[in-house]
2 protein chains.
Amino acid sequence: MNEQDFLAGYDPSAYPSTAITVDVVALTIREGALHLLLIRRGQPPYQGHWALPGGFVQPDEDLTTGARRELAEETGLGGDRLRRVHLEQLASYGAPDRDPRMRIVSVAHLAFAPDLPDPVADSDADEAGWLPVTALPSRQLAFDHARIVDDGLERARSKLEYTPLATRFLGPEFTIAELRGVYETVWGHPLHAGNFHRKVLSVPGFVESTGGNTERGGARGGPRARLYRAGDARLLHPALLRPAREETVR
Amino acid sequence: MNEQDFLAGYDPSAYPSTAITVDVVALTIREGALHLLLIRRGQPPYQGHWALPGGFVQPDEDLTTGARRELAEETGLGGDRLRRVHLEQLASYGAPDRDPRMRIVSVAHLAFAPDLPDPVADSDADEAGWLPVTALPSRQLAFDHARIVDDGLERARSKLEYTPLATRFLGPEFTIAELRGVYETVWGHPLHAGNFHRKVLSVPGFVESTGGNTERGGARGGPRARLYRAGDARLLHPALLRPAREETVR
DNA sequence: CGGCGTCCCTCTCAGGTTGAGAATTACTCT
DNA sequence: AGAGTAATTCTCAACCTGAGAGGGACGCCG
């Protein structure tokens, strides 16, 4: 039976109820470490566990709009601050038993944010905060959120290779070294500063010079660095490839 | 309130209910052209228009399971034939007005199939068939399916770069030239035969030799080709890159 | 203020990969 | 048998990458 026939002949409300939620894997970089926005649940199920921010999609809103709204609510941000956050759909999760209450399909989203202030507790008085992804209480994440986080992290690592989205973790102006720091943090290992510099400047549309310099050198010395802003490319050609790892799943 | 009490008193119908469907962008290669599985709708809305195969997710099945079931129903296939089809989640589509009847979120999937027999009309007597993707009646696809197909095609082109999934369009044994044909068909332009050959054999785990040869040379001459089967790599390192096109801003 | 260490930015060089063309050889078709 | 086709291998120049090094600007500490 397909959807058309079903709808033509049956009352939709008679069908077993299914709900749609959006969840957000929101990443940012704080103090050189990758952080994830999590909410501590104040109510069952999984009371006291950390969970991804999210909630039901409103009847009149698109999936991505819903995700952005949830992100705004949980971070307490709005306007310009939120507009600089990159948001994209990640994947949907719909195992029949993933939520003990009822059938819930979650459309997960992935967000890259510049360093944001600590979130404020929402109306349910749930605790919320940015937690470093190393040291995640992985066994204690609610529902299947550990899996969603894993998928989001892998997607983030991959996106940095072929898109300029690393700039979304930074402010409007940044140095090449700061950009390198994003890659090193997300990928989890150091990069060759000279080669990275050469590569970034050689990819058309990745960054463009503002003409300015930092006010000071680095905290421990070094010259003032040139400032750049994000270019207009949507894709990096050629891509920045992650150093080859011994992954080869066999 | 503990979790048991909470679940006992939980009323699912208190939350906005939305229907969930799975749709499948199923691709195959016939006579050197990329084909897409479509169903002609027998009832309104969009009566007479072509639509992606799909339907409601059953209460007890996972999203991907539902997609595989729909694909089996629409192609009339099962067992081994279907097991060789690659199926993955593509994206979810949930604009509030994408279906005129009610709020329906569709979790779209992407399938790569070897050449399959023509589908049989299902119980509703809707027409079904493999249509070449060039010459698609793009304005006549139902709902937002044209958009879903576009996304699926782009994903397919991209997947061929960094995964060995091109082999899923072929039988268990194939020649390098047949594999090159898959790439040329999906990417839409010819590749350098010598370079492709060198590259495929140099990527670890992409293909492995069966030791055999084709029975005959090509239809218009040429030597017998060596036969290969898919290797055990899940990812291609280094990837086969598409020839650089002019910056594609979607 | 002067010395030391840091770090931005550039350069070099060897090794690997790619794109383009071509040679070799084994076939099919007429 | 001859012409044409295509699988496979080679060559070569251009490009890209990883690794190391050096010049020079700058902060910190004594």
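Being a predicted model, the structure only gives us computed values, none of them experimental. Just so we're on the same page: letters track the sequence lines, and every chain starts at 1.
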Which residues within residues 214-224 of chain A lie with some heavy atom under 4.0 Å of an atom in DNA chain D?
-> A/R216, A/G217, A/G218, A/A219, A/G221, A/G222, A/P223, A/R224

Any side-chain N or O of [X] under 4.0 Å from OP1/OP2 of [N]?
X	N	value
A/H197	C/dC9	yes
B/R180	D/dA6	no
B/R226	D/dT9	yes

Contact class for A/R198 vs. all strands (heavy atom < 4.0 Å): base, sugar-phosphate, or nothing?
-> base

Any ion pair linking [Y] and [X] (charged N to carboxylate O, less than 4.0 Å)?
X	Y	result
B/D150	B/R155	no
B/R83	B/D80	yes
A/E88	A/R168	no

Between [N] ([atom2]) and [X] ([atom1]): distance, integer Å:
X	N	atom1	atom2	value
A/L179	C/dC9	CG	P	12 Å
A/L227	C/dC9	CG	C1'	14 Å
B/L191	C/dT18	CG	P	13 Å
A/N195	C/dA14	CG	C1'	13 Å
A/Y183	D/dT17	OH	P	13 Å
B/R242	C/dT17	CZ	P	22 Å
B/L240	C/dG19	CG	C1'	14 Å
A/L201	C/dC9	CG	P	8 Å

Over 12 foreign heavy atoms within 6.0 Å of CZ, B/R229 |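 Enclosed: over 12 neighbouring heavy atoms sit under 6.0 Å from CZ of B/R229.
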
State whether the number of non-hydrogen atoms from other residues, nucleotides or ligands found under 6.0 Å of A/R220 atom CZ is greater than 12.
-> no

Closest of C/dG21, D/dT8, C/dC9 to the B/H192 side chain is C/dG21

Taking the side chain of B/K199 as heavy atoms from C-beta outward, which of C/dT17, D/dA7, C/dC9 is closest to it?
->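 Nearest listed nucleotide: C/dT17.
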
Output field: ring centroids A/Y183/A/F196 closer than 6.0 Å = yes

Between the side chains of A/D23 and A/Y93, does any donor sit under 3.5 Å from an acceptor?
->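 Not at all, the side chains of A/D23 and A/Y93 share no donor-acceptor pair under 3.5 Å.
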
